[in-house]
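To start, the structure under review is shown below, and the notes come after it.
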Amino acid sequence: MALLEIRWHGRGGQGAKTAALLFADAAVETGKYIQAFPEYGPERMGAPVFAFNRISDKPILQHCGIKSPNIVVVLDPTLMETINVTEGLPEDGVILVNTQKSAEEIKKELNLTKQHVYVVDASKISTEILKRDLPNTPMLGALIKVSKLLDFNDMLDSVKIRLEHKFPNRPEVVDGNIKAIKRAYEEAKA
Amino acid sequence: MALLEIRWHGRGGQGAKTAALLFADAAVETGKYIQAFPEYGPERMGAPVFAFNRISDKPILQHCGIKSPNIVVVLDPTLMETINVTEGLPEDGVILVNTQKSAEEIKKELNLTKQHVYVVDASKISTEILKRDLPNTPMLGALIKVSKLLDFNDMLDSVKIRLEHKFPNRPEVVDGNIKAIKRAYEEAKA
Amino acid sequence: MASLKQLAAQEEKFLGGHRACAGCAATIAARMVLMAAEQPVVVGASTGCLEVVSTIYPYSAWNVPYVHNAFENVAATMSGVEAAYRALKKKGMVKKDLRFIAFGGDGGTYDIGLQALSGMIERRHHVLYVCYNNEAYMNTGIQRSSATPRGAHTTTSPAGTKIPGKIEPRKNLTEIIIAHEPAYAAQATIGYWNDLVTKVRKALDADGPSFINIYAPCRLGWAYVPEKTVKVSKLSVETCVWPLYEYQDGKYRITVKPKEKKPITEFLKQQGRFGHLFKWHDDVPIKEYQEEVDMIWERLLKRSEQ
Amino acid sequence: MASLKQLAAQEEKFLGGHRACAGCAATIAARMVLMAAEQPVVVGASTGCLEVVSTIYPYSAWNVPYVHNAFENVAATMSGVEAAYRALKKKGMVKKDLRFIAFGGDGGTYDIGLQALSGMIERRHHVLYVCYNNEAYMNTGIQRSSATPRGAHTTTSPAGTKIPGKIEPRKNLTEIIIAHEPAYAAQATIGYWNDLVTKVRKALDADGPSFINIYAPCRLGWAYVPEKTVKVSKLSVETCVWPLYEYQDGKYRITVKPKEKKPITEFLKQQGRFGHLFKWHDDVPIKEYQEEVDMIWERLLKRSEQ
Amino acid sequence: MKKEKKGWKELPIGLVLEGGSSEEFETGDWRSEKPIWDEEKCTNCFLCWIYCPDSAIIVKDGKVKGIDYRYCKGCGICAEECPPKIQAITMVREEK
Amino acid sequence: MKKEKKGWKELPIGLVLEGGSSEEFETGDWRSEKPIWDEEKCTNCFLCWIYCPDSAIIVKDGKVKGIDYRYCKGCGICAEECPPKIQAITMVREEK
Amino acid sequence: MIVARTGNEAMAEAMRQINPDVVAAYPITPATEVVQLFSKFVHDGKVTTEFVPAESEHSAISACVGASSAGARVMTSTASQGLALMHEILFIAAGLRLPIVICLVNRSLSSPINIHCDHSDSLASRDAGWIQIFSENTQEAYDSTIMAIKIAEKALLPAMVTTDGFIISHGMERVDMVDDAAVPKWLGTRQPKTSLLDVDNPITLGALDLQDFFFEHKRSEIDAMNRVLPIIDEVQNEFAEKFGRHYPIVDEYKMDDAEVAILAMGSTGGTGKVAVDKMREQGKKVGLVRCRVFRPFPKDQMLKAVTKAKVLGVMDRSDTMSTLGGHLYNECRSILYDSDTRPLLKNYIYGLGGRDISIEDIEDIYTNLFDIQKSGKVDKDIVYYGVRGE
Amino acid sequence: MIVARTGNEAMAEAMRQINPDVVAAYPITPATEVVQLFSKFVHDGKVTTEFVPAESEHSAISACVGASSAGARVMTSTASQGLALMHEILFIAAGLRLPIVICLVNRSLSSPINIHCDHSDSLASRDAGWIQIFSENTQEAYDSTIMAIKIAEKALLPAMVTTDGFIISHGMERVDMVDDAAVPKWLGTRQPKTSLLDVDNPITLGALDLQDFFFEHKRSEIDAMNRVLPIIDEVQNEFAEKFGRHYPIVDEYKMDDAEVAILAMGSTGGTGKVAVDKMREQGKKVGLVRCRVFRPFPKDQMLKAVTKAKVLGVMDRSDTMSTLGGHLYNECRSILYDSDTRPLLKNYIYGLGGRDISIEDIEDIYTNLFDIQKSGKVDKDIVYYGVRGE
Ligand SMILES: Cc1ncc(C[n+]2csc(CCOP(=O)(O)OP(=O)(O)O)c2C)c(N)n1
Ligand SMILES: Cc1ncc(C[n+]2csc(CCOP(=O)(O)OP(=O)(O)O)c2C)c(N)n1
Ligand code: SF4
Ligand code: SF4
Ligand code: SF4
Ligand code: SF4
């Protein structure tokens with residue numbers, strides 16, 4: 001696998017950073033080389049924020065910012081009004097959006113031509129399964145699908161381990177998240 | 001006048017530093033180039049201390065310590081028991097001691113051969129005139145005499161100005177000191 | 001007593017467009033303090049949430065002169081500003097009558113900035129020091145300060161399996177400042193705007209250094225939903241966790257006495273930072289905190305009667 | 001109560017050969033504190049007269065482990081030493097039961113070291129902090145500290161023609177520390193050796209941080225003849241300039257009540273630093289100082305009755 | 001916000017900024033809930049105004065005039081503090 | 001005190017000093033007044049001992065034994081604090 | 001064990017495994033997490049450390065000095081303003097020869113206040129007598145933290161291990177962690193020669209040192225610094241033997257036949273290596289030198305490395321404010337003064353306050369260096385790379 | 001008016017004549033007297049200054065920053081530990097471009113704690129963005145203090161004028177003082193562009209400055225530093241014209257035909273000149289270069305001076321703790337790197353903690369330099385001169 005670069009868009013408090021970290025962490029378990037890093041500003045809850053991933057089969061040495069990601073993940077569609085989420089996205093790039101809308105609609109809204117657009121209603125999935133609008137974990141499932149980066153089951157196992165570690169006494173949280181990831185994996189579509 | 005170097009010996013609180021400063025200050029008024037500096041340690045009242053002077057007709061550029069003074073002034077004779085007051089004194093050096101003893105006695109005590117010894121009972125002078133044992137100002141008078149450095153009257157005038165400046169509302173202090181200096185000038189002897 | 005209508009008639013001195021979390025009480029406090037001031041003011045702030053969210057180059061929310069120097073030295077910085085004012089006024093280079101306000105978070109006041117504040121008061125600088133107290137270092141991600149109450153979870157006093165949050169009681173900074181004998185000292189909180197505004201005015205009119213400790217809930221660090229900011233603030237007073245009182249001319253005065261003193265659990269259970277205490281194997285941490293609150297309240301009642 | 005005979009039976013822990021001025025009370029205080037300790041102690045000192053005169057390489061007057069770090073941080077340094085003790089004791093690498101004492105002058109305590117002390121108490125380190133209070137920065141040549149009383153001449157608050165010495169009242173550090181709720185706090189002075197020794201023992205036995213503010217006349221800075229050191233110390237108590245009291249478990253106790261409260265002039269006129277006040281064109285400075293002393297004494301009486 | 005940033009030679013010396021410039025920074029897009037103010041119900045008690053952390057309640061001529069959505073972050077304090085008997089402000093989910 | 005000072009390689013590392021070494025530094029020569037203790041008059045109240053800033057009152061076996069002139073700086077506190085009715089210590093000018 | 005960790009997590013994990021006796025610290029972005037994570041270990045009983053949540057960095061380092069004087073193994077963590085506030089006490093720690101270790105996250109110094117990376121903070125304390133080790137990535141941050149304990153205790157000098165703020169501190173990467181048990185075993189316990197807690201052998205520490213002894217004591221401290229590099233080598237070799245990862249003091253990347261090269265510190269080393277690879281693909285003979293140990297300055301190792309190139313671009317993430325350019329640049333010029341081989345030098349000051357430096361930027365710099373090689377002269381010796389309006 | 005003054009008195013007198021709006025200070029040996037004497041002026045009504053007796057140096061410099069931001073002319077004085085405690089805020093003062101002036105008395109930094117002279121204190125803050133002017137004697141201390149106000153206000157950078165602790169600070173010498181009235185007249189009042197007290201034009205000072213602006217702001221500060229030397233020259237010329245004493249940025253003494261020379265700072269310059277005269281009497285062609293301005297580093301002036309000699313002994317009263325020797329030595333090697341003329345360099349680290357340096361010592365160093373000239377090579381490039389047991 002060549003080097004793949006991902007940019008996450010979210011709002012402070014929505015877990016873009018957590019998603020990127022979780023993604024990287026899980027990928028390491030499957031033997032990949034990874035990076036995950038936030039674009040730190042002093043922004044508070046609610047403000048638009050970014051996070052990034054690099055993932056590769058070979059060691060990743062660079063520590064510069066990502067200007068031209070292969071994949072963009074948008075956790076919150078309202079961001080698209082004020083933020084240019086497709087900035088730097090190359091023609092063969094992929095954009096994955098948490099939305100109720102169709103890929104076509106999004107494509108139009110963003111004035112995209114060649115790039116691939118995928119959508120999934122991660123907020124709905126999260127609200128239904130986790131009883132809270134926390135789209136970041138479901139989006140992981142969708143990302144795995146659209147990126148074809150990792151084996152889904154390997155990934156699921158390692159996310160599970162990570163979640164169990166984080167919530168040692170709350171199996172319901174772990175199970176819920178895993179369920180949500182699975183569903184988003186299934187529901188994500190072009 | 002060639003460069004002359006002087007070392008003062010006293011105890012913390014006895015005014016060796018003040019004497020050196022006063023001496024320098026007065027000499028400047030008479031047109032000389034001077035230096036006055038203490039050997040600062042953190043010693044408290046009562047501890048043996050040093051002070052130094054350089055005096056010359058020409059600018060003095062060096063800022064090193066004085067190892068081999070031309071003149072040594074001892075404000076407190078009890079110091080001679082523990083401190084080697086003649087350290088570095090050259091063969092043509094002069095030592096001036098505040099003591100009741102004679103120059104001969106001191107010369108013997110200090111095992112001196114060639115150096116010139118002068119004595120004056122500055123403590124007595126001070127006690128009689130100033131009602132306190134503050135030998136430093138009278139010693140100035142004796143120093144002027146033995147050093148033949150400066151014109152006595154010029155010097156007296158400038159000491160007076162300096163004292164008036166320091167004790168603006170206490171003419172009795174100024175007069176007493178001037179008197180004491182004069183008397184020490186007269187009484188100092190080899 | 002101030003009326004909201006009058007207050008609202010002035011120009012805003014602390015503007016929108018700052019980057020505080022939605023529902024942040026620190027910014028409410030800053031806004032209220034400035035609107036209370038009847039004289040032109042010059043403001044200083046220590047590093048912390050209020051500073052960071054209000055002044056990110058090239059944007060500033062302050063519509064009054066403002067200076068930020070470092071984290072630990074706003075009191076010293078404002079001492080200098082005030083000294084400059086006295087000097088330049090003497091020379092006729094400044095004409096107006098100005099007031100000076102220093103803002104510091106509890107970290108910048110109770111901990112790293114305490115000494116500078118102590119010095120400012122001792123030297124009798126005519127500065128109002130406002131501590132907006134959210135009981136932790138929020139700007140760096142919710143670490144314990146000496147204002148953090150016992151039992152509270154912070155990232156450096158975490159609710160662990162061995163130790164349930166912070167173990168030491170909070171420092172009573174208001175009493176420490178009162179022991180400095182400033183010209184005016186008080187505790188306030190944003191939920192009681194009128195009390196707060198009145199205190200700011202008294203402080204600015206006092207002839208010397210003054211201090212107001214403003215309890216300012218932080219929805220992020222205290223972990224509650226943003227719209228509850230004012231409610232949480234009010235609960236702190238109703239439970240006597242944060243008594244509203246003032247000290248001037250050697251006299252204590254309680255300015256808002258709760259009709260009925262509620263148990264602190266009413267206050268604690270609103271907030272995620274205390275959540276673990278309700279699951280802890282014993283009730284010692286809560287009991288100890290209640291005792292501390294009671295003790296301080298009793299003492300306050302006694303002192304205010306004298 | 002300690003007996004001098006018993007005290008004298010121990011080995012000296014603060015030895016002769018130090019370079020303090022003849023008649024220095026700071027060294028008397030250090031010696032008394034060490035002889036009071038019944039457990040082995042580790043000592044720290046902040047930069048200042050006591051440190052300088054007792055440890056000039058290669059000579060040390062301390063016959064107990066001693067560390068000097070800097071001027072402003074003895075409380076933090078000893079916090080670290082005490083933390084190391086707890087850590088190494090847990091591991092069995094230290095066996096004995098030790099006590100920790102930090103010494104600071106009033107400059108190193110009231111001013112530049114206040115914050116470190118405040119932190120030490122807040123974190124509840126088991127350290128006795130002793131402030132030997134000579135009411136100015138003596139080591140650097142008698143500059144004003146916030147412990148310097150109003151009216152006193154120092155080299156940075158000189159008796160000038162326009163301003164007669166220091167204008168601000170002294171900081172009441174003991175009350176500031178009491179507001180921190182340490183395990184024990186007290187004021188003492190060397191003239192009352194038994195009171196002092198008893199307080200040191202209580203402090204070392206208390207379960208947490210403790211503080212003793214020891215009034216320690218300085219013959220150089222206060223300008224009196226050296227043999228009067230003990231007399232001057234006693235006069236400070238008899239005039240209530242320096243009340244002897246303690247605070248523990250929320251209670252105040254006056255430990256030595258003067259039979260008859262003398263006017264402060266009795267104390268002031270012994271000392272050159274106040275000499276100019278008696279020649280000043282009015283008696284305001286002395287009167288203000290007397291009022292301050294009275295106010296604090298009255299309040300103390302009241303609090304100790306509760 | 002998207003205007004070209006200045007080069008170093010054009011910036012004012014010493015980090016000086018004009019006061020009040022945050023008005024150019026609109027935090028309205030942080031909002032996920034939105035307060036809706038009902039002029040009819042409003043009694044002009046100004047409680048929403050005094051408690052708004054973002055100075056986003058517009059008051060003019062002694063009357064509340066609405067909400068400045070450029071800055072309002074949707075914290076919901078105004079709705080919460082609007083007296084229960086009046087309820088002139090309600091929160092709705094921000095439209096996407 | 002006049003012994004050769006050590007070169008840098010011989011000094012202990014880290015500024016460590018042995019405790020109590022000031023005993024090698026005799027401050028007795030600072031004295032200009034000297035306390036004279038009268039064994040006859042002394043009642044062993046130990047007041048001179050407790051107040052001496054220079055630990056210079058020699059106590060052995062529960063009794064005052066005299067003054068350690070190696071360290072005594074002649075402050076006069078011992079004489080001053082010796083109870084007025086006893087006056088076992090008197091100050092005299094230091095001999096030259 | 002291979003895990004994913006941010007730089008801060010890696011350092012905190014290293015601290016957990018070291019299990020120091022005392023940690024005294026104060027929060028500051030971007031180092032806070034180190035202390036946060038460590039506090040959690042304390043509150044969960046995963047370490048036996050006494051944690052002192054100091055009321056300022058000044059007190060934190062002061063408490064470290066106290067604890068280390070008492071014989072404890074002591075660590076702390078800070079950044080930027082925090083290190084600057086420790087400044088006075090840093091010198092004292094070194095003078096007292098206390099092997100305290102700081103996990104430092106590099107962040108630029110105010111003013112202007114900024115939370116992002118440059119190296120001005122640690123470099124502003126470079127005279128303090130501390131060993132300074134800069135890390136390229138999280139793995140190095142982790143390994144160096146463990147090694148620093150041993151290095152400091154052998155050298156009897158304090159040490160700081162640094163990472164680039166946010167870039168490394170908050171960047172998650174693969175880290176190969178040593179076994180929990182292996183770390184304390186490899187390190188052993190600290191064996192101090194003297195301790196304040198030894199009441200039977202009372203020592204006096206920190207006496208006033210006048211003209212008659214100060215110079216000798218300072219000379220001895222300088223001597224200790226002179227002995228550090230071999231100690232680092234020794235410890236790095238031991239570490240490699242035991243755990244399989246070996247670090248050089250000066251890291252050379254494709255230098256053997258390099259015509260032009262850059263010299264850098266910290267995370268830029270990695271970005272530069274990618275640029276090297278890309279240029280090499282185009283057949284350009286470029287190389288990179290990374291300075292891992294900045295204090296003591298590794299004169300011999302550095303000379304050996306940099307004299308291989310004809311043109312050297314020195315990349316400084318800091319400025320000396322002297323008009324002479326950056327820190328590395330000046331130290332390089334200094335050591336090269338009487339060298340026989342004398343590359344052309346150019347200084348690129350970049351990345352201040354967290355300004356990003358990309359692979360393309362570094363390629364651009366290489367291109368510029370080739371131009372210099374061609375022309376044989378450096379026209380403008382100090383450039384501010386990436387600043388707007390230059 | 002010719003008077004006798006110690007260095008501290010001379011600086012205090014300069015301050016009295018300047019009559020700054022605000023002085024905020026804290027006592028420390030050997031600078032205390034400056035503040036003491038100044039307090040007396042305040043209490044006697046001789047100045048109109050607001051004096052802020054801060055509770056620490058950290059607060060003193062912080063108050064200076066506040067006062068200067070408010071448009072006041074501000075001064076303070078400190079030494080050693082005091083400057084170290086100010087460290088963090090020194091950078092802030094420079095970043096905010098505030099023309100504060102410090103009368104600094106050089107004293108070595110703890111540990112070991114010592115009260116005597118070396119240059120480690122000001123040099124440890126050399127990155128802070130302050131102008132640094134070192135004085136050889138009391139006259140220079142006095143003159144430079146007055147000039148520093150003008151220099152700082154023109155450059156919009158803070159400045160420190162230093163004297164050697166005790167040697168100059170407590171040494172009394174002849175000083176030719178300017179008339180009381182002439183000083184304020186020559187200086188004028190400060191004309192700040194903005195002030196915190198201007199409530200009608202509210203400014204915000206000290207905002208958080210992220211990746212998008214920090215580098216530009218820093219670049220502008222560096223630019224200000226790049227413009228300082230011409231300003232110093234200009235002010236020194238104005239001063240000479242008005243008051244008759246002219247100072248160079250780099251002081252050359254008998255350098256024109258010197259074969260060997262020493263480079264030094266501070267009071268050693270004077271002692272060295274006497275040594276030069278003595279050697280010249282013996283027909284030895286020796287010279288001396290004195291660095292008066294250390295920040296910004298006067299590259300051109302220094303190059304011009306030091307390249308006159310074949311062998312240069314660089315005398316540093318400080319060590320960088322890098323193993324590379326002293327500060328002047330390294331900066332000299334750095335600027336000489338690509339110089340055409342390349343003297344042999346040897347570093348003499350001397351006088352740490354107040355160890356005396358005599359005329360004979362310097363003669364000895366010259367003799368040593370002649371040996372080097374003869375042999376054509378430097379065997380040991382860094383020596384610790386005057387340390388026992390070397
Ligand atoms: C000397 C120094 N240490 C640490 C920091 C990092 N820091 C900045 S703000 C802050 C916490 C602020 O806490 P507080 O004063 O309570 O204000 P809040 O953020 O809670 O509003 C810290 C630790 C700093 N800027 N400077
Ligand atoms: C940071 C710092 N500032 C200033 C000094 C200088 N200094 C050393 S001791 C001292 C005064 C000590 O005063 P105090 O604590 O009252 O003790 P005293 O000397 O009166 O016994 C000062 C100002 C210092 N060593 N360090
Ligand atoms: S973290 Fe707390 S204090 Fe900081 S901006 Fe958010 S709500 Fe306000
Ligand atoms: S100056 Fe005062 S405190 Fe210092 S040693 Fe002398 S008497 Fe003691
Ligand atoms: S929702 Fe919050 S920010 Fe918006 S107007 Fe209401 S109180 Fe203000
Ligand atoms: S005179 Fe003073 S120093 Fe000497 S023994 Fe008596 S009390 Fe001690």
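Each chain gets a letter, A, B and so on, in the order its sequence line appears, and its residues count up from 1. Side-chain atoms are counted along with the backbone in the values below, which use heavy atoms only and exclude waters and symmetry mates.
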For this session: Search all heavy atoms of D:A70 against all heavy atoms of G:E88 and return the closest pair with its distance.
Result: CB-OE2, 3.8 Å

Problem set entry | Spacing of G:S62 atom OG and D:M120 atom CE [to the nearest 0.5 Å] | 13.5 Å

Problem set entry | G:K46, NZ: over 12 other non-hydrogen atoms inside 6.0 angstrom | no

For this session: Could you walk me through whether D:E122 and G:E55 pass side chain to side chain contact (heavy atoms under 4.5 Å, CB included), step by step?
Result: CA-CA 9 Å; D:E122 189 264 334; G:E55 78 290 347; over 6 Å; no

Exercise. Under 4.5 Å between any side-chain heavy atoms of D:Y57 and G:H217, yes or no?
Worked result: yes

Seminar exercise, completed: For G:A70 and D:A84 the tightest heavy-atom approach is CB-CB, 3.7 Å

Exercise. So which part of G:T204 gets closer than 4.5 Å to some heavy atom of chain D, the side chain, the backbone, both or neither?
Worked result: both

Seminar exercise, completed: Of all heavy-atom pairs linking G:S69 and D:V67, the shortest is OG-CG2, 4.2 Å

For this session: Tell me, for D:V43 versus chain G, whether the close heavy atoms (under 4.5 Å) come from the side chain, the backbone, both or neither.
Result: neither

Exercise. Could you give the distance from CG (D:N69) to CD1 (G:I92), rounded to the nearest 0.5 Å?
Worked result: 5.0 Å

Problem set entry | Side chains of G:L197 and D:V81 in contact at under 4.5 Å (non-hydrogen atoms) | yes

Problem set entry | Leading residue by heavy atom contact count with chain D [cutoff under 4.5 Å; candidates G:G95, G:A93, G:P53, G:S195] | G:P53

Problem set entry | D:P65 vs G:D198 side-chain heavy atoms within contact, under 4.5 Å | no

Problem set entry | Any G:F213 side-chain heavy atom under 4.5 Å of D:P58 side chain | yes

Exercise. So how far is it from D:Y85 OH to G:L196 CG, rounded to the nearest 0.5 Å?
Worked result: 14.0 Å

Problem set entry | Separation of G:E50 CD from D:L88 CG (nearest 0.5 Å) | 9.5 Å

Problem set entry | Most chain G-contacting option - heavy-atom pairs closer than 4.5 Å, from D:P40, D:A116, D:A75 | D:A116

Problem set entry | Residue D:E72 versus chain G: region with a heavy atom under 4.5 Å | side chain

For this session: Heavy-atom distances under 4.5 Å only: say whether G:I89 touches chain D with side chain, backbone, both or neither.
Result: side chain

Exercise. Any side-chain heavy atom of G:L205 within less than 4.5 Å of one from D:H68?
Worked result: no

For this session: Identify whether the distance between the nearest side-chain nitrogen and carboxylate oxygen of D:K90 and G:D21 falls below 4.0 Å.
Result: no

Exercise. Is G:V199 close to D:V64 at the side-chain level, that is, under 4.5 Å between some pair of heavy atoms?
Worked result: no

Problem set entry | Heavy-atom side-chain contact between D:Q115 and G:S59 under 4.5 Å | no

